[in-house]
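A, B, ... follow the sequence lines: proteins, then strands. Residue 1 opens every chain. All values reported here derive from a predicted model rather than from experimental measurement.
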2 protein chains.
Amino acid sequence: MDRELLLLGLLRRQEMHGYQLHEFINQNLASCVNLKKSTAYFLLDRMAEAGWMVETESQEGNRPPRRVYQLTPAGEAAFQRLLRANLAAHEPARFAGDIGLAFLDALPPAEARDCLLRRRAQLAADLEAAARIPEHAGSMQWVIDHLRHHLASELEWLDRVIAQITTSIESHDHEEEES
Amino acid sequence: MDRELLLLGLLRRQEMHGYQLHEFINQNLASCVNLKKSTAYFLLDRMAEAGWMVETESQEGNRPPRRVYQLTPAGEAAFQRLLRANLAAHEPARFAGDIGLAFLDALPPAEARDCLLRRRAQLAADLEAAARIPEHAGSMQWVIDHLRHHLASELEWLDRVIAQITTSIESHDHEEEES
DNA sequence: TCCTGACTAGTCAATATTGACTAATCAAAA
DNA sequence: TTTTGATTAGTCAATATTGACTAGTCAGGA
């Protein structure tokens, strides 16, 4: 449903062909959705079927022909409906990374810490990358702000986890010393 | 991949049947994964196929027969490998709710604010629910802590968004007054 | 000029995921 | 007591998603 909203929203600003849509999304909106090319075409075809948009073949030079999609009034109506639904609902995020944490005690603490430090490095890199994203026009900027806020919050939390594990390693070391 | 890790990790503590696994996950680990019953059975069958676990039919009383799964050494090895991979990688979360925000300017500000206030209510309710989750044993507690931290951070951010929209509505009102 | 590797644009068979269903058991109300 | 609704346990056909592929274009170097 949300992916449809995204495609509709982009086509609403200007008509585009499939490849272009997929490209734009993966470049600018990777933090919201992970949309593969084949999925994009599937959704576009289905929405065209539903009368939300019309396809037009377009040959530019002698490049391969491209299917250009443009919104119909029914598509605009669907956009309005989906937009309100999306904004009004809180879709909780799923953290696949928490699955590992749930079984953290299956690993010797020192090794757990090593793994998490590698995770931290990636997270920190992502945060820096997010800090370097240039300003975007209009409300697209909210998405970037959110990404930054979220990554910063994640880093803060991960550091707390690592600190606690480090403490537990140290106290364990002391016990070793004393025995 | 992560879902496999989850099933392996649970079966590692004690053998369980499919329904029980699905039940436990949806009760306690809904913040990490959204695993439907049919998906759970599909994954369990596949992992049994791969030799990571063995199925045993078990009839208790005259209840319907249940398939109980228990880990093999190959399953334990897979668990160790997947656990390290999961812990060492930062899997960025996707926020489907950001798609709506990207098109926020398609709505009159007052209406956008109404929608977001409804989103806020849900988020606040989720946060309160998370605050009431009882303590869990061992490292499962990290998952709950993470959920609480994340929801609090989200609420903080959403409040900032709403505040800014409210400001823009007010300044717009003033312009109306002056004209 | 001809080759190579990257980009453009899209297809399709294989996989993964889900919703809707069956079918039995149990508790408790009518 | 028999009917209703909740719970347990799992199946399967329909949908959704993906990875691997085709096939043309273009730019630049040998």
Side-chain angles (χ1 to χ4, degrees), chain A residues 1-8 10-11 14-30 32-50 52-70 82 91 94 96 99, chain B residues 1-8 10-11 14-30 32-50 52-70 82 91 94 96 99:
Chain A
M1 214 75 303
D2 304 300
R3 298 141 108 90
E4 269 103 332
L5 173 61
L6 179 50
L7 293 168
L8 288 170
L10 292 176
L11 287 174
Q14 54 175 314
E15 57 177 50
M16 285 170 133
H17 55 97
Y19 192 83
Q20 204 177 353
L21 280 161
H22 166 253
E23 208 65 355
F24 184 84
I25 291 171
N26 272 34
Q27 226 94 105
N28 304 293
L29 292 161
C32 312
V33 282
N34 184 2
L35 189 65
K36 297 288 142 60
K37 242 184 324 154
S38 14
T39 313
Y41 283 111
F42 173 78
L43 293 174
L44 288 167
D45 282 350
R46 194 174 55 178
M47 289 193 285
E49 193 83 6
W52 292 3
M53 47 186 68
V54 288
E55 308 181 21
T56 339
E57 286 282 295
S58 126
Q59 190 102 32
E60 203 143 313
N62 46 3
R63 318 240 46 223
R66 309 181 295 190
R67 263 185 271 153
V68 177
Y69 297 86
Q70 69 191 97
L82 292 178
E91 187 65 35
R94 307 297 162 99
I99 296 174
Chain B
M1 212 80 298
D2 304 299
R3 298 141 107 91
E4 268 103 331
L5 173 60
L6 179 50
L7 292 168
L8 289 170
L10 292 177
L11 286 174
Q14 55 174 314
E15 57 176 51
M16 284 169 133
H17 55 96
Y19 191 84
Q20 203 177 355
L21 280 162
H22 165 252
E23 207 64 357
F24 184 86
I25 291 169
N26 272 33
Q27 225 96 105
N28 305 294
L29 293 161
C32 313
V33 282
N34 184 3
L35 188 67
K36 296 289 144 58
K37 241 182 328 153
S38 12
T39 314
Y41 283 112
F42 172 78
L43 294 174
L44 288 167
D45 282 350
R46 193 174 54 180
M47 289 193 285
E49 194 83 6
W52 293 3
M53 47 186 68
V54 288
E55 308 180 21
T56 340
E57 286 280 298
S58 126
Q59 190 102 29
E60 202 142 310
N62 47 4
R63 317 241 50 220
R66 310 180 294 191
R67 262 185 273 152
V68 177
Y69 297 86
Q70 69 193 95
L82 292 177
E91 186 64 36
R94 307 297 162 99
I99 296 173

Assign each of R3(A) and R67(B) to its nearest nucleotide of DNA chain D by heavy atoms, then name whichever residue's nucleotide is nearer the 5' end.
R67(B)
When the distance from CG of L7(B) to P of dT17(C) is rounded to whole Å, what number comes out?
11 Å
Rounded to whole Å, CG of L35(A) lies from C1' of dG10(C) at a distance of 14 Å
Is R46(B) near enough to dA16(C) that one of its side-chain N or O atoms lies under 4.0 angstrom from OP1 or OP2?
yes
To the nearest Å, give me how far apart CZ (R66(A)) and C1' (dT11(C)) are.
18 Å
Between atom CE in M1(B) and atom P in dG19(D), what is the gap in whole Å?
13 Å
Which one, dG10(C), dT17(C), dT18(C), comes nearest to the side chain of K36(B)?
dT18(C)
Would you mind reading off the distance between Y41(B) atom OH and dA20(C) atom P, rounded to a whole angstrom?
19 Å
Would you mind telling me which residue lines up with the more 5' stretch of DNA chain C, V68(A) or F42(B), judged by nearest nucleotide?
V68(A)
Within less than 4.0 Å of OP1 or OP2 of dT18(D), is there a side-chain N or O belonging to K37(A)?
no
Provide, to the nearest angstrom, the distance between the OH atom belonging to Y19(B) and the C1' atom belonging to dA9(D).
7 Å
Reckon H22(A) has a side-chain N or O less than 4.0 Å from the OP1 or OP2 of dA9(C)?
no
Side-chain-base donor-acceptor pair under 3.5 Å for S38(A) and dG10(C)
no
Please state how far atom CD1 in I25(B) lies from atom P in dA9(D), giving the value in whole angstrom units.
15 Å
Does E23(B) reach a base, just sugar-phosphate, or nothing at all? Heavy atoms under 4.0 Å.
sugar-phosphate
Evaluate side-chain contact (heavy atoms from CB on, under 4.5 Å) for M53(A) paired with L8(A), printing each intermediate quantity in order.
CA-CA 9 Å; M53(A) 47 186 68; L8(A) 288 170; 3.8 Å; yes
Candidate pair V33(B) and R94(A), rule side-chain contact (heavy atoms from CB on, under 4.5 Å), full reasoning:
CA-CA 6 Å; V33(B) 282; R94(A) 307 297 162 99; 5.9 Å; no
Identify the heavy atoms of L35(A) and R3(A) that sit nearest to each other, and give their distance.
CD1-NE, 3.6 Å
Is there a side-chain contact (heavy atoms from CB on, under 4.5 Å) between Q70(A) and L11(A) once you walk through the steps?
CA-CA 6 Å; Q70(A) 69 191 97; L11(A) 287 174; over 6 Å; no
Whole angstrom value for the distance that separates P of dA16(D) from CG of D45(A)
13 Å
H17(A) side chain, from C-beta outward: closest of dA9(C), dT18(D), dT18(C):
dA9(C)
Between dA16(C) and T39(B), is there an OP1 or OP2 to side-chain N/O distance shorter than 4.0 Å?
no
Can you spot which of Y69(B), F42(B), W52(B) makes a side chain to side chain contact (heavy atoms under 4.5 Å, CB included) with M47(B)?
W52(B)
